[in-house]
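What follows is one structure encoded as structure tokens, with my remarks underneath.
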Protein chains: 2
Amino acid sequence: MKKRKTLKDVAAAAGVSKMTASRALRGEKDVSRANVDKVRQAARDIGYYGNHLAASLSSARSDLIGVVVPSLSNIVFPQVMSGVTDALAGTGFQPVFGVTDYDTGKENEILRSMLSWRPAGLIVTGLDQPDDTRMLLADAGIPIVQIMDCDGDPVDACVGFSHTKAGHDIAEALIAEGRTRFGYAGCNMHKDTRAAKRKKGFLEALKAHGIELKAMVTDVALSSVVIGRDLTAQLLASHPELDCIYYSNDDLAAGGLFHCIDAGISVPERVVLAGFNGLDIIEGFPGKIATSRTSRREIGEAAAKMILDSLKNDKIESGRNVVVQPTISLGLLSKGGQAVG
Amino acid sequence: MKKRKTLKDVAAAAGVSKMTASRALRGEKDVSRANVDKVRQAARDIGYYGNHLAASLSSARSDLIGVVVPSLSNIVFPQVMSGVTDALAGTGFQPVFGVTDYDTGKENEILRSMLSWRPAGLIVTGLDQPDDTRMLLADAGIPIVQIMDCDGDPVDACVGFSHTKAGHDIAEALIAEGRTRFGYAGCNMHKDTRAAKRKKGFLEALKAHGIELKAMVTDVALSSVVIGRDLTAQLLASHPELDCIYYSNDDLAAGGLFHCIDAGISVPERVVLAGFNGLDIIEGFPGKIATSRTSRREIGEAAAKMILDSLKNDKIESGRNVVVQPTISLGLLSKGGQAVG
DNA sequence: ACTCATCTCAGTACCGGTATCGGTACCAGT
DNA sequence: ACTGGTACCGATACCGGTACTGAGATGAGT
């Protein structure tokens, strides 16, 4: 096995010192044009591609941005990741992703592991980390941006929206449309604290109007279209009087829509199905579901830009809470909020 | 800003040497039980979490596995990533993801960047890298597993299936069902070489039966349900005689199904829609599309396991081509291949 | 001619760990 | 008591870069 090329090899091939080679490759000044060319050429010739390990260790800084998300199976998070990736493109920083499976223990473990790579910054999903994890983040001494939520107290800064308010607002909108007999279907509620907040906001709004939830079904599994189908079938079988179902997200609502299409139940006339996220896919659906549209890419981009800002200004800007309000789309035929029926 | 804790701090706190602390934390033998406890406790007390940079540099090995995928917006790749993550869980290895956007230049760049972190192994999507990228991989001296394809010559090893055969096989199956008037709709064909291979296999099979493609529409954008809708509307408007449409993937086929539901076109009776991947979501659809089901998670897991194997045996096992044949599901009412009509 | 600033380059000391190797303590066997 | 083996521990030399410091060369100013 041939030995890996090092900077010394490049320097030797170019006939300069290690130091000059290092500077030339990094594009620093204080190197003559002639030597820059010689070094660049030598590096290309012998196929040298650097060693971030050594560089980062030596310079006590790295170009890694850690990004921690709870899941990959919900397309929302890959979209956030795309946003981060795009915002970081061309900046010299590179995202590193970690997945927690909605498990706080795993989250702590992943964060420790990431911190041990001395990242330049961290983007973490959610505001509800346990104390030990919070401490870990607070002591890291690097910019931390928490995303997808703003109901709570960020370690440092956050970009997101209020899930409580999102649940509240869509309830208000549905009530304004004349809906009165509500059901709820959710997945993974014990771990997905943000879904739980939406549900909380939703129920609070109902209560404020003196409306009681008629029925609720949940499943511990991760949300999926198929489960949404099943839960909807259950709900409508036991409570055929429902005129609106709120789901913990769009995947479930989509399953609900598909069930209704197959069962010949008219949506949204007889029953309104309301989800959360505003997935692109629902644009293509044969039927309309209500939803709160969130801007995932933008949140990812904004978070990455905040990190870059902090890094540029060489200080951690605390307390910057950027709120990106979701927009409600009811997908109903009636315009301007006029009541149906 | 308080200084980061180092191993020396731990050693001092535990009253042992740096070396003993290092060994204790890594669980090596040659350390007394008492000292292991002291060091562990000291590390916990002062909140030490190690420095992978220094560790990897010093030991000339790292616990990173690079994973390069073309896209995050196609749920298939996050699923592959999940498979890799799961297979790596508890092994001490950590995946690092990169996204190429189907761009070979970006792919090369990302691979260089990854290699500069001295990963223990690499998982790369596809077999059709340009020569310079191939060279980069071949010279890396670490196990490389290429995934999602087996039509071609792997640098080292691969886990996947033949897209050409997949296209061919589903064409055969559809012809056996009595379909004769075929259309094709595809996205991103100029960059997605695997989709192009499926199309090639599909057309070859048609030709072998003396069948000519009646119509074809493509779009340069990434595939999505909405675009699938549009392309299908175009195809069926200009060629209402089609009795089968083959799509470059399930996203498009789903859009096609939704269009047909809205347009009152019966699927699969009047027109069969065939996609590729076997997404979980189609299980929930109000209607059936044909597809080739691929096992993404399993491919990710298998690739990760192959890397771990190579690492354990301390040699790179070349030429291991694992083929995971997709299974065709036509979603038709007729059983046993009896012709329709 | 001499001083001084500027540009270029090289030497040295790290960064924070780990591999290696040489030692010390302790015990069993003879 | 002496030897040999085993368990444990620490000093030292790195890994491959970069920060820092200082030196030589060159040119301008006087």
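In what follows, every chain begins at residue 1, and chains take the letters A, B, ... in the order their sequences are listed.
Here the side chains of A:Val145 and A:Leu122 are not in contact, with every heavy-atom distance at 4.5 Å or above. Contact check for B:Gln94 versus A:Trp117: side-chain heavy atoms found under the 4.5 Å cut-off. Side-chain contact between A:Gln129 and A:Gln146: present, with at least one pair of heavy atoms (C-beta onward) separated by less than 4.5 Å. Residues B:Val96 and B:Ile65 have side chains not in contact (no heavy-atom distance under 4.5 Å, counting atoms from C-beta outward). Using a 4.5 Å cut-off on side-chain heavy atoms (C-beta onward), A:Pro130 and A:Thr104 make contact.
Close to D:dG17, at under 4.0 Å from its OP1 or OP2, lies no side-chain N or O of A:Arg61. Between A:Tyr48 and D:dG17, a side-chain N or O to OP1/OP2 separation shorter than 4.0 Å is present.
Straight-line distance from the NZ atom of B:Lys8 to the P atom of C:dG17: 10 Å, rounded to whole Å. Between B:Asp37 atom CG and D:dC8 atom C1' the separation is 15 Å, expressed in whole Å. Taking atom CG on B:Asp63 and atom C1' on C:dT18, their separation rounds to 14 Å, with Å as the unit. Regarding A:Asn51, its CG atom lies at a distance of 17 Å from the P atom of C:dG17, rounded to whole Å. Spacing between atom OH of B:Tyr49 and atom P of C:dG16 amounts to 12 Å, rounded to whole angstrom units. Between B:Glu28 atom CD and D:dG10 atom C1' there is a gap of 14 Å when expressed in whole angstrom units.
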Readout for nucleotides 4-15 of chain C: B = base within 4.0 Å of protein heavy atom, S = sugar-phosphate only, - = neither; 5' to 3' it is ----BBBB---B

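Using modelled atom types, one finds a donor on one side chain and an acceptor on the other under 3.5 Å when comparing A:Thr20 with A:Ser17.
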